[in-house]
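First comes the structure, then the notes that go with it.
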Amino acid sequence: MAVNWGGLVGVIIFYGIILAIGLYASRRIKDKTSMEDVMLAGRNIGLFVGIFTMTATWVGGGFINGTAEAVHSNGLVWAQAPWGYSCSLIVGGRFFAKKMRESGYVTMLDPFQKKFGKRMGGMLFLPALSGELFWSSAILAALGSTFSVILDINKTASIIISACIAMFYTLFGGLYSVAYTDVVQLSCIGLGLWLSIPFAFTNEHVSSISLTKEDWLGSWDSRKSGIWVDYGFLLIFGGIPWQVYFQRVLSAKTARYAQILSYTAGAGCMFMTIPSILIGALGASTDWEATDYGRNATDSSLILPLVLQYLTPQGVSIIGLGAVCAAVMSSADSSLLSASSMFSRNVYKLLIRQDASEREILLIMRCSILVAGAIATTLAITIDSIYGLFHLCSDFVYVILFPQLLCVVYVEFANTYGSICAYFIGLLLRLGGGEEILGLKSFIKYPYYDEAEDLQLFPFRTFSMLISLGTLLSVSYLTRYLFTKEILAKEYDVLRCVTNQPDPEDAPKITMKTIENKERFQAQMLL
């Protein structure tokens, strides 16, 4: 198969448009050195742009490619990510968005460092970072597989080029560039995918999906019901503690706007997943040997680009390719900005150089974008399954971060002792269950462990999360009781979080300022 020059020209034009919009939006922060201006667009994201950027952030390449892959390989009943992440946005809007926005934090990790201390916040950066990197990897891998099928371009080269373009305009424009390009990208996703559906449905080699529903609906295996429940909870609650989500929440003009963005984006994600589900069903209903592809579609991770390439006219497939490119860009730039924001503020500023100027922090943030992009690109090239990466990105976030976030927001007596114990116990229990994608063998065999398949049938991720939550609550309550009742002397409070607390002037400070007649809060913890 020769290089598809028409498609290649179309992609170059699309990338040029996105790059131009991103650079144009970057003029909004020209000569501005405030962290809020770059990381949160000056907390001035309106409702219209906010809805688009929140939805586009989740509807990425991993979302649309991974959904089609899951429907084609295991059936719709096992494609849990679309509705799971949609529900997570709604739950996040109901229980977390308002509280976080009203508190005026700059990143998701700010409340952790305020309550548990700057060093514990730095430790919690690690699972948050792993989530962002796996997320970026999933969407870059989705783009690489699409390019290799439709354009016959080397997968590795396409991943590297796309990552470089996303990094370039994110470097200069911050959240302004990301948000404004998201408006165009989400429009392209909707147009490209929905346009391809009628052509694919009417292709002569595609059977009616009503006749092949057993293939694409999938079958329920009661033996694996624990796995289904485990992933369901993981996606709903593990989809909340993300900087990429809270960056949108914290950039909203008001707390009420932050909630509306979450609810609307949840509904938008469900709507945008319909084309991917249909494409997966069409892929399972196609006689691939009769098409120009000439063989069975055994690699489910390629099913979306295969449908676009072989079941639609060339012009439509190019537009569909633009949709995939848009999906990748809309999520890749967001994840890179989120990871770099947390590192520059919560690690570099609060742990390494507390007296760093905002200009220096912005420089570190831009360097972090390059490093995070390089790591995500490497993972995308070396790990095969798009849907596997899509799941994995929420795994450690769910087990470790969600219990911590819940307690930071709602449990007044939670303290650093409980946080540390919960962190390591949750991590141990999760790693003990193994992870096939990372080549990690299980060393804890939970109930119903399948020796023949080396498979954990018990919902061990949810179990690990609940044990982590219980540990945080019980250890925090116990240590508070021991110190406040003076069973243990004040000097034994070595973490200085119960009775032996630092002087007020050394405690985290939260200041407020007014800019352009809009109330803006900036949480700066000067420990």
Exercise. Determine, step by step, whether Asn346 and Phe125 satisfy the side chain to side chain contact (heavy atoms under 4.5 Å, CB included) criterion, reporting the C-alpha distance in whole Å, the side-chain angles of both residues, the deciding distance to 0.1 Å, and the verdict.
Key: CA-CA 8 Å; Asn346 300 103; Phe125 165 74; 5.8 Å; no
Mind checking side-chain hydrogen bond (donor to acceptor under 3.5 Å, both in side chains) for [X] and listing every partner two or more places apart, or none if nothing turns up?
X	value
Thr55	none
Gln243	none
Ser222	none

Please say whether more than 12 non-hydrogen atoms of neighbouring residues, nucleotides or ligands are located less than 6.0 Å from [atom1] in [X].
X	atom1	result
Tyr481	OH	no
Tyr448	OH	no
Phe458	CZ	yes

Quiz item: Cation-pi between Arg461 and Tyr231: NZ/CZ under 6.0 Å from ring centre and within 45° of the ring axis?
Solution: yes
Exercise. Kindly indicate whether a cation-pi arrangement holds for Arg295 with Tyr293, taking the cut-offs as under 6.0 Å to the six-membered ring centre and within 45° of the axis.
Key: yes
Side chain to side chain, [X] and [Y], heavy atoms closer than 4.5 Å:
X	Y	answer
Thr462	Tyr398	yes
Gln259	Arg101	no
Val475	Ser419	no
Leu469	Cys407	yes
Met272	Trp58	no
Tyr423	Ile400	yes
His205	Tyr310	no
Ser88	Leu235	no

Any donor-acceptor pair under 3.5 Å linking the side chain of [X] with the backbone of [Y]?
X	Y	value
Thr264	Ile260	yes
Thr479	Ser476	yes
Trp78	Ser219	yes
Ser340	Leu337	yes
Tyr410	Phe95	yes

Quiz item: Is any NZ, NE, NH1 or NH2 atom of the basic residue among Asp230 and Lys224 found under 4.0 Å from an Asp or Glu carboxylate oxygen of the other?
Solution: no
For [X] and [Y], which heavy atoms make the closest approach, and how far apart are they?
X	Y	result
Leu472	Ala414	CD2-CB, 3.8 Å
Phe246	Ile240	CE1-O, 3.3 Å
Asn415	Val498	ND2-CG2, 3.8 Å
Phe112	Val408	CD2-CG2, 3.6 Å
Ile303	Ala297	CD1-CB, 4.0 Å
Ile369	Leu336	CG1-O, 4.1 Å

Self-check item: Passing option when Ile425 is tested against Ile420, Ile467, Val399 for side chain to side chain contact (heavy atoms under 4.5 Å, CB included)
Solution: Ile467
Rounded to the nearest 0.5 Å, what separation is found between the [atom1] atom of [X] and the [atom2] atom of [Y]?
X	Y	atom1	atom2	answer
Ser335	Glu132	OG	CD	4.5 Å
Asp299	His72	CG	NE2	9.5 Å
Leu304	Leu193	CG	CG	6.5 Å
Leu311	Ser317	CG	OG	10.5 Å
Cys87	Trp83	SG	CH2	6.5 Å
Leu406	Met465	CG	CE	8.5 Å

Quiz item: Quick one: salt bridge (charged side-chain N to carboxylate O under 4.0 Å, His left out) partners of Glu412, sequence neighbours excluded?
Solution: Arg480
Quiz prompt | Step-by-step side chain to side chain contact (heavy atoms under 4.5 Å, CB included) determination, Leu217 to Val77 | solution = CA-CA 6 Å; Leu217 282 177; Val77 70; over 6 Å; no
Quiz prompt | side chain to side chain contact (heavy atoms under 4.5 Å, CB included) between Val206 and Asn203, worked out | solution = CA-CA 6 Å; Val206 178; Asn203 188 283; 3.9 Å; yes
Quiz prompt | Tyr85 ring center near Phe63 ring center (under 6.0 Å) | solution = no
Self-check item: Residue pairs passing the salt bridge (Lys or Arg N to Asp or Glu O under 4.0 Å) test where at least one lies in residues 444-460, sequence neighbours excluded
Solution: Arg223-Asp450, Arg223-Glu453, Lys445-Glu451
Just say parallel, tilted or perpendicular for the rings of [X] and [Y], cut-offs at 30° and 60°.
X	Y	answer
Phe96	Phe402	perpendicular
Phe52	Phe48	tilted
Phe233	Phe237	parallel

Quiz item: Could you give all pairs that pass the side chain to side chain donor-acceptor pair (under 3.5 Å) test and reach residues 271-290, with sequence neighbours left out?
Solution: Thr212-Ser285
Exercise. Determine, stepwise, if the pair Leu429 / Tyr446 fulfils side chain to side chain contact (heavy atoms under 4.5 Å, CB included).
Key: CA-CA 10 Å; Leu429 293 175; Tyr446 291 95; 3.5 Å; yes
Quiz item: Would you say the side chains of Ser341 and Gln247 form a donor-acceptor pair under 3.5 Å?
Solution: yes
